[in-house]
Participant: 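Let me give you the structure first, and then I'll get to my questions.
Below, all heavy atoms of this structure are taken into account, side chains as well, without hydrogens, waters or symmetry copies.
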Amino acid sequence: MISKTMQDALNDQINAELFSWYLYLSMAAQFETMNWKGMAKWMRIQAGEEMKHATKIYDFLFDRNGQVKLAALKGPKTSWASPLEAFSEALEHERMITSRIHALVEKAMKEKDFASLAFLQWFVAEQVEEENSATYVVDRLKLIKDSPGGLGYFDHELGKRGE
């Protein structure tokens, strides 16, 4: 059985993961509108990963005889001045999610909740990958700046992202 404090914290994380899904879907929508199909695909895949993260926590709570309590999602931002601005925000968002995961790990350690601690290790490793992926895109966009050819080529490359 999971403690109420850990259950509540994991429910909050479900909400954070669902907001991530919502945010990345909003970014994908703007990229679609701007005809950046590769960037839109990258963000839609990212959004899908966030939904999987939320579902993973959802299932874990039931595995531990916990209760899932879904909360309302805050509306995400809907417009960014450039691809660099959007991906920079995505990177900062992933860093915030990493800090949330670390806080969950600390809570599980404090409560000696070894099942949650083991479960959360997957998310610790996943956040390394998430931050690395977003950093790669941000670094490339900084190099490209406003070069139409560079942006076009990089958009094509981002469109090759597999699910």
Participant: Can you tell me if Arg64 and Gln7 form a side-chain donor-acceptor pair at under 3.5 Å?
Facilitator: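 Judged by distance alone, the side chains do not pair up.
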Participant: Give a yes or no on whether His102 atom NE2 has more than 12 heavy-atom contacts from other residues, nucleotides or ligands under 6.0 Å away.
Facilitator: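 Yes - once you tally the heavy atoms of other residues, nucleotides and ligands closer than 6.0 Å, there are more than 12.
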Participant: Between Glu92 and Lys77, is a salt bridge (Lys or Arg N to Asp or Glu O under 4.0 Å) present by the stated rule, with each step listed?
Facilitator: CA-CA 14 Å; Glu92 287 309 309; Lys77 186 174 169 180; over 6 Å; no
Participant: Got a donor-acceptor contact below 3.5 angstrom from the Gln127 side chain to the Glu94 backbone?
Facilitator: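 Yes, Gln127 side chain to Glu94 backbone: donor-acceptor pair under 3.5 Å.
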Participant: Specify the closest pair of heavy atoms between Ile97 and Ala16, including all atoms of both residues, with the distance to one decimal.
Facilitator: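 Scanning both residues completely, I find the closest heavy atoms to be CD1-CB, 4.0 Å.
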Participant: Under 3.5 Å, is there a donor on one side chain and an acceptor on the other for Gln30 and Trp80?
Facilitator: no
Participant: Is there a chain of hydrophobic side chains (I, L, V, M, F, W, Y, each step under 4.5 Å between heavy atoms) that links Leu117 to Met1?
Facilitator: no
Participant: Would you say CE of Met96 has more than 12 non-hydrogen atoms from neighbouring residues, nucleotides or ligands within 6.0 angstrom?
Facilitator: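 More than 12 within 6.0 Å, yes.
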Participant: Got a second to check how far Ser133's OG is from Leu91's CG, nearest 0.5 Å?
Facilitator: 10.0 Å
Participant: Applying side-chain hydrogen bond (donor to acceptor under 3.5 Å, both in side chains) to Glu17 and Gln13, what does each step give before you reach the verdict?
Facilitator: CA-CA 6 Å; Glu17 298 292 344; Gln13 190 60 32; 2.9 Å; yes
Participant: Would you please say whether a donor-acceptor pair under 3.5 Å links the side chains of Gln46 and Glu50?
Facilitator: yes
Participant: Return the minimal non-hydrogen interatomic distance between Leu120 and Ala108, and the atom names on each side.
Facilitator: CD1-CB, 4.3 Å
Participant: For Gln67, does its backbone N or O pair with a side-chain atom of Asn11 as donor and acceptor, under 3.5 Å?
Facilitator: yes
Participant: Closest heavy-atom contact between Asn15 and Ala71?
Facilitator: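 Reported closest heavy-atom pair: ND2-O, 3.3 Å.
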Participant: Please find the pair of heavy atoms, one from Ile2 and one from Phe60, that lie closest to each other, and give the distance.
Facilitator: CD1-CE2, 4.3 Å
Participant: So which atom in Ala86 and which in Met27 form the shortest heavy-atom distance, rounded to 0.1 Å?
Facilitator: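 Here Ala86 and Met27 meet closest at O-CE, 3.3 Å.
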Participant: Nearest 0.5 angstrom please: Leu61 CG to Ser116 OG, how far?
Facilitator: 8.0 Å
Participant: Do Leu10 and Phe114 sit in the same hydrophobic cluster, where Ile, Leu, Val, Met, Phe, Trp and Tyr count as joined when their side-chain heavy atoms come under 4.5 Å apart?
Facilitator: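 As far as the 4.5 Å side-chain criterion goes, Phe114 and Leu10 are connected within one cluster.
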Participant: Please name the pair of heavy atoms, one in Phe62 and one in Val68, separated by the smallest distance, quoted to 0.1 Å.
Facilitator: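 Result for this residue pair: CE1-CG2, 3.5 Å.
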Participant: Please walk me through it: do Trp42 and Phe87 pass ring pair (Phe, Tyr, Trp, His ring centres under 6.0 Å)?
Facilitator: CA-CA 11 Å; Trp42 194 98; Phe87 278 97; 5.1 Å; yes
Participant: Side-chain contact test, heavy atoms from C-beta onward, threshold under 4.5 Å: evaluate it for Glu49 versus Glu130 and give yes or no.
Facilitator: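 They are in contact (side-chain heavy atoms under 4.5 Å apart), so the answer is yes.
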Participant: For the side chain of Ser26 and the backbone of Tyr22, is there at least one donor-acceptor N/O pair under 3.5 Å apart?
Facilitator: no
Participant: Phe123 and side-chain contact (heavy atoms from CB on, under 4.5 Å): which single residue from Val105, Ile101, Leu104, Thr98 fits?
Facilitator: Ile101
